Amino acid sequence: MPDMDTLFLFGSNPTEGHPIVSLHLKKALANGAKLVVADPRKTWMARRADVWLNLKPGSNIALLNGIIRVILDNGWENAEFISKRTEGLEKLRAKVQEYDLERVEALTGVDRDKIIEAARLYAQAEKSMIVYGLGVTEHQTGTENAMAIANLALVCGHIGRPATGIMALRGQNNVQGASDLGPLPATLPGYQSVTDPQCREKFKKAWGVAIKDKPGLKSVEMLDECTKGNFKGIFILGEDPAQTDPDLVHVRKALESVDFLVVLDIFPTETTKYADVILPGASFAEKDGTFTNGERRVQRIRKAIEPVAGMAEWEVISRISTLMGYPMTYSHPSEIMDEIASLVPIYGGISYDRIEQKGIQWPCPTKDHPGTTTLYTDLFSRPGGLAQFMALDHQGSAEVPDETYPLVLITGRIREHYNNGSMTRRCAGIAEVVPEELVEISSEDAGSLGIAHMDWVKVSSRRGEVQVRAKVTDRSQAGSVFMTFHHQNALTNVLTSEHRDPITGTPEYKACAVRVEKVS
Amino acid sequence: MNELIKMKINGMDVHFPKGKTILEVCRDAGIYIPTLCHDERLKPYGGCRLCLVEIKGRPVPLASCTTPGEAGMEIATESPKLTRLRKTVLELLLSNHPNDCMCCEASGDCSLQEMAYLYGASLDRFQGEQWTLPIREDNPFITFEPNKCIVCGRCTRICNEVVMAGTIDLVNRGFNAIPETAFSKPRSLENCEFCGQCVSTCPTGALTDKKGRGKGRIGDVRKVKTTCSYCGTGCNFYLNVKNGKVVRVTSDLTAPVNKGNLCIKGRYGYDFIHSPERLKTPLIREGEGYREASWDEALTLVASKFNALIKEHGADKVGGFSSSRCSNEENYLLSKWVRCAVGSNNVDNCARV
Ligand code: SF4
Ligand code: SF4
Ligand code: SF4
Ligand code: FES
């Protein structure tokens with residue numbers, strides 16, 4: 001990664017969200033790479049950027065269309081790459097004609113000169129790389145936002161060569177592994193569709209049970225059904241939707257309505273309050289297993305101490321299953337991994353003895369396969385092997401500011417805490433340096449609302465309100481405020497909206513309309 | 001760039017790619033050279049003069065950490081002259097070093113101690129002025145014992161070169177040089193990331209992890225290599241375990257993703273494990289509150305309740321949420337449980353982030 005010429009950071013704040021990834025990026029900058037940052041907030045990286053595109057929340061597509069337009073107008077595109085490896089440029093060209101700089105300036109709030117400079121820095125460099133984060137995906141147009149980024153990389157042919165490409169940074173530690181291994185309603189482990197008879201047959205043979213051919217309900221849908229009295233039993237394994245999901249009022253109603261709720265966690269959480277049975281979990285130090293990181297590297301966790309409550313999750317699930325009449329008789333997690341390897345081709349060559357020293361990156365189909373290190377070599381896996389340009393339109397956020405709720409709330413993470421904070425808040429020192437939730441607000445907005453640094457304020461949205469203290473900072477621009485969701489005593493997600501990306505189900509955590517008032 | 005060239009080290013032929021320093025070539029070949037100011041994560045510095053080697057045809061020994069390997073070089077990494085020079089360097093350092101190994105947090109994990117032992121350096125060959133600076137404990141994570149500092153600059157370089165936090169720098173000159181924050185301000189979130197990289201690179205007991213002090217030195221702990229459970233970067237590190245307790249996290253310099261670097265959560269976010277607030281037994285709702293139950297009772301209740309709901313309302317009314325905080329194996333099992341024991345496809349990641 002360090003030898004790229006231009007780094008384009010899009011909706012990602014790696015010094016806070018992914019500190020170690022940010023070290024690699026910082027190294028690239030130290031080696032002279034140019035930096036373009038698209039972020040509504042003045043982050044560490046934005047401060048050091050050659051160009052900071054300070055876009056309004058929710059205007060990603062307009063900005064990208066504008067940049068692509070500048071590239072095409074100036075003939076900075078990679079014509080050879082486009083003709084050999086892609087199709088559909090004309091549709092995109094026609095679409096971006098609708099995005100002249102005047103319109104883009106109005107939609108995004110970014111000066112045209114900066115847009116031109118960003119386009120030049122990205123397009124004209126030999127090797128440019130895009131790193132994007134949840135600021136791209138946590139919108140109702142999350143999928144389209146990611147496609148718009150792919151458009152940009154394809155137009156310039158910055159893909160498939162060393163120090164180019166697109167890298168997505170996601171949030172939680174094992175979000176990759178959790179998607180890979182099948183707790184998804186439409187796919188069996190390893191992205192094998194429940195609608196594919198061959199896949200069903202394979203799993204039926206291994207598991208001895210016929211698999212239903214209709215996709216199940218997504219978590220949101222299960223919760224929706226609960227509120228209607230149509231869903232009866234849920235087992236929640238180590239998650240805290242009553243703090244971390246958006247639109248908490250709705251989530252709580254669902255958890256209240258379901259007949260039987262079992263929650264497994266290592267601490268009491270907002271969600272365990274609704275449980276009929278609470279089961280104690282084991283931390284990562286108390287069990288053997290694997291995590292898969294953001295670059296698909298399957299790595300070991302190891303049991304360093306006995307489970308505090310006597311049992312690890314894999315034993316708990318096995319015992320419940322056995323008691324329900326479907327026996328699971330594993331004596332160690334390595335046996336579960338062996339079973340995964342036999343059923344999931346991308347994990348086919350993974351076993352504990354192979355990853356004892358160093359993890360392996362999937363796809364790793366066989367025991368003698370070394371794993372796959374280059375990302376995106378298969379981006380062209382569409383029939384015909386050509387990447388397709390997508391003509392996309394600016395749609396904005398589902399909820400936009402108005403007179404009653406004039407500010408945009410962006411939610412996100414800070415480096416010191418993690419998700420619902422149940423772990424980090426209980427760590428000496430961390431609790432001391434970041435003891436409470438703060439709403440970050442620009443000095444302009446603070447000034448016009450009569451709010452001083454560390455004043456108590458009430459933040460309210462159409463769904464609820466919370467009281468927190470204000471941090472007046474130039475990290476926020478006028479018009480938007482920022483909060484995390486790490487603190488149980490200020491449940492930020494009471495405010496966030498129910499809108500989601502319809503394709504992935506990802507909530508629009510990055511934009512909802514709020515009002516901030518001083519409380520005396 | 002990957003053209004292999006050859007040199008002789010201690011009489012042995014060694015092939016190596018052009019562009020490596022003599023130190024790197026030796027380390028790759030498994031040949032020991034003592035170092036104090038070197039860390040693979042940092043640019044070569046050439047400050048401590050411990051890594052000196054003799055090169056045939058060169059009048060004086062050179063620092064192997066800053067000298068590039070060249071084709072045809074003939075190198076000696078040990079000789080009576082080198083031993084004498086290294087011993088002198090060490091004895092000069094020891095002349096201004098508290099004789100505190102028995103109580104020092106870093107004992108057993110200190111390069112100065114290790115090398116003094118290796119070269120038989122004596123504590124009192126040079127009598128000189130000694131620092132008597134107070135111990136600094138002005139932040140929640142890092143203890144600084146300035147008297148143990150050998151001014152190798154590793155902490156300040158890692159903070160500036162790798163973390164780019166710019167928290168500390170070497171101030172003053174000569175005998176009084178010392179790593180320090182701007183205006184001697186205590187480290188706080190305003191000026192420090194609390195990543196502990198400086199601690200991880202310090203070769204002595206000058207910088208140590210405050211939370212682990214007194215809880216077990218390197219020789220008393222079992223080191224268990226694992227992967228961070230916070231974000232999706234997948235950093236590796238060692239849990240240091242003593243008497244069934246995690247007392248500290250230390251770097252794994254061979255980790256493919258993070259090369260020994262960690263953030264505040266990975267390095268200092270472990271004590272939740274032993275929090276008194278952990279759930280320690282299953283709880284069953286009773287009236288307005290909960291009562292403690294045995295695993296047997298709780299799991300039997302869970303299983304029979306789910307079975308009854310499935311029987312009465314159908315498998316499609318029951319499901320599970322899995323967690324991206326759980327392991328691959330657990331996620332797989334939950335998926336299998338919903339599909340086989342429940343009989344539906346109602347299984348999902350909770351929040352898709
Ligand atoms: S903890 Fe990190 S940021 Fe702070 S002084 Fe040490 S290296 Fe620098
Ligand atoms: S504190 Fe440690 S790392 Fe820093 S200069 Fe002193 S001895 Fe070197
Ligand atoms: S140490 Fe920090 S950056 Fe590394 S995986 Fe853990 S939380 Fe992420
Ligand atoms: S390690 Fe070479 S001079 Fe210190």
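In the text below, chain A, chain B and the rest are named by the order of the sequence lines, each starting its count at 1. Here the structure is a predicted model, which is why all the values come from computation and not from measurement.
K204(A) does not touch chain B: none of its heavy atoms, backbone or side chain, sits under 4.5 Å away. Contact annotation for S334(A): neither backbone nor side-chain heavy atoms come within less than 4.5 Å of a heavy atom of chain B. For I211(A), the part sitting under 4.5 Å from any heavy atom of chain B is the side chain, from C-beta outward, and nothing else. For R302(A), the parts lying under 4.5 angstrom from a heavy atom of chain B are both the backbone and the side chain. Using a 4.5 Å cut-off between heavy atoms, K287(A) touches chain B through its side chain atoms alone. Of the two parts of V241(B), only the side chain, counted from C-beta on, holds a non-hydrogen atom closer than 4.5 Å to a non-hydrogen atom of chain A. For a residue to count as touching a neighbouring chain, one of its non-hydrogen atoms must lie under 4.5 Å from one of that chain's; by this rule E286(A) touches chain B with the side chain only. Neither the backbone nor the side chain of V338(B) comes within contact range of chain A, judged by heavy atoms closer than 4.5 Å. E193(B) touches chain A through backbone and side chain together, each having a heavy atom under 4.5 Å away. Contacts between K210(B) and chain A at a heavy-atom distance below 4.5 Å are absent for every atom of the residue. Both the backbone and the side chain of F235(A) have a heavy atom closer than 4.5 Å to some heavy atom of chain B. In this structure, chain B has no heavy atom under 4.5 Å from any part of V344(A). Contact of M222(A) with chain B is made through the side chain alone, with heavy-atom distances under 4.5 Å. Interface remark: K280(B) contributes backbone and side-chain atoms alike to the contact with chain A (heavy atom separation under 4.5 Å). Using a 4.5 Å cut-off between heavy atoms, N139(B) makes no contact with chain A at all. For V318(B), the parts lying under 4.5 angstrom from a heavy atom of chain A are both the backbone and the side chain. Residue P215(A) touches chain B through its backbone alone, counting heavy-atom pairs closer than 4.5 Å. In this structure, chain B has no heavy atom under 4.5 Å from any part of D180(A). With a threshold of 4.5 angstrom between heavy atoms, V277(A) approaches chain B through its backbone and through its side chain. Both the backbone and the side chain of K336(B) come within less than 4.5 Å of a heavy atom in chain A. Heavy atoms closer than 4.5 Å to chain A are found nowhere in N243(B), neither backbone nor side chain. Only the side chain of K358(A) comes within contact range of chain B, with heavy atoms under 4.5 Å apart. Contacts between T227(B) and chain A at a heavy-atom distance below 4.5 Å involve backbone atoms as well as side-chain atoms. Of the two parts of Y270(B), only the backbone, made up of N, CA, C and O, holds a non-hydrogen atom closer than 4.5 Å to a non-hydrogen atom of chain A. Neither the backbone nor the side chain of L264(A) comes within contact range of chain B; no heavy atom of the residue lies under 4.5 Å from a heavy atom of that chain. Only the side chain of Q197(B) comes within less than 4.5 Å of a heavy atom in chain A; its backbone stays farther off. The contact between I273(B) and chain A is made by backbone and side chain atoms together, counting heavy-atom distances below 4.5 Å.
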Quiz item: Where do Y332(B) and E339(A) land on the side chain to side chain donor-acceptor pair (under 3.5 Å) test, with the steps shown first?
Solution: CA-CA 10 Å; Y332(B) 171 84; E339(A) 182 175 319; 2.5 Å; yes

Quiz prompt | Verdict with supporting geometry, N328(B) and T290(A), side chain to side chain donor-acceptor pair (under 3.5 Å) | solution = CA-CA 6 Å; N328(B) 288 333; T290(A) 57; 2.9 Å; yes

Quiz item: Would C427(A) and Y268(B) satisfy side chain to side chain contact (heavy atoms under 4.5 Å, CB included), going step by step from the backbone distance to the final call?
Solution: CA-CA 7 Å; C427(A) 290; Y268(B) 298 122; over 6 Å; no

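Geometrically, K317(B) does not engage F231(A) in a cation-pi contact, judged by NZ or CZ lying under 6.0 Å from the ring centre and within 45° of the ring axis.
Taken to the nearest 0.5 Å, the CG atom of L299(B) stands 11.0 Å off from the CD1 atom of I317(A). Atom CZ of residue R41(B) and atom NZ of residue K27(A) lie 11.0 Å apart, to the nearest 0.5 angstrom. With rounding to the nearest 0.5 Å, the separation of CD1 in I430(A) from CZ in F272(B) is 10.0 Å. For the atom pair K259(B) NZ and L23(A) CG, the distance stands at 11.5 Å (nearest 0.5 Å). Rounding to the nearest 0.5 angstrom, the gap separating the CZ atom in F260(A) from the CG atom in L301(B) is 5.0 Å. To the nearest 0.5 Å, atom CD of residue E313(A) and atom CZ of residue R325(B) are 9.5 Å apart.
Contact between E277(B) and F267(A) at its shortest, heavy atoms only, is O-CD2, 3.5 Å. A341(B) approaches S321(A) most closely through the heavy-atom pair CB-OG, 3.6 Å. The two atoms that bring K26(A) and V163(B) nearest to each other are NZ-O, 2.6 Å, heavy atoms only. Scanning all heavy atoms of the two residues, the minimum distance from I305(A) to G244(B) falls at CG2-O, 3.3 Å. Closest heavy-atom contact between S324(B) and E239(A): N-OE2, 3.5 Å. The minimum heavy-atom distance between K212(A) and A315(B), with the atom names listed, is NZ-CB, 4.1 Å.
Each of I278(A), I266(A), V308(A), V263(A) was evaluated against L279(B); a single residue qualifies, I278(A), per the side-chain contact (heavy atoms from CB on, under 4.5 Å) test.
The number of heavy-atom neighbours closer than 6.0 Å to NZ of K242(B), taken from other residues, nucleotides and ligands shown, is above 12.
Proximity of a side-chain donor or acceptor of D348(B) to a complementary backbone N or O of S219(A) within less than 3.5 Å is detected.
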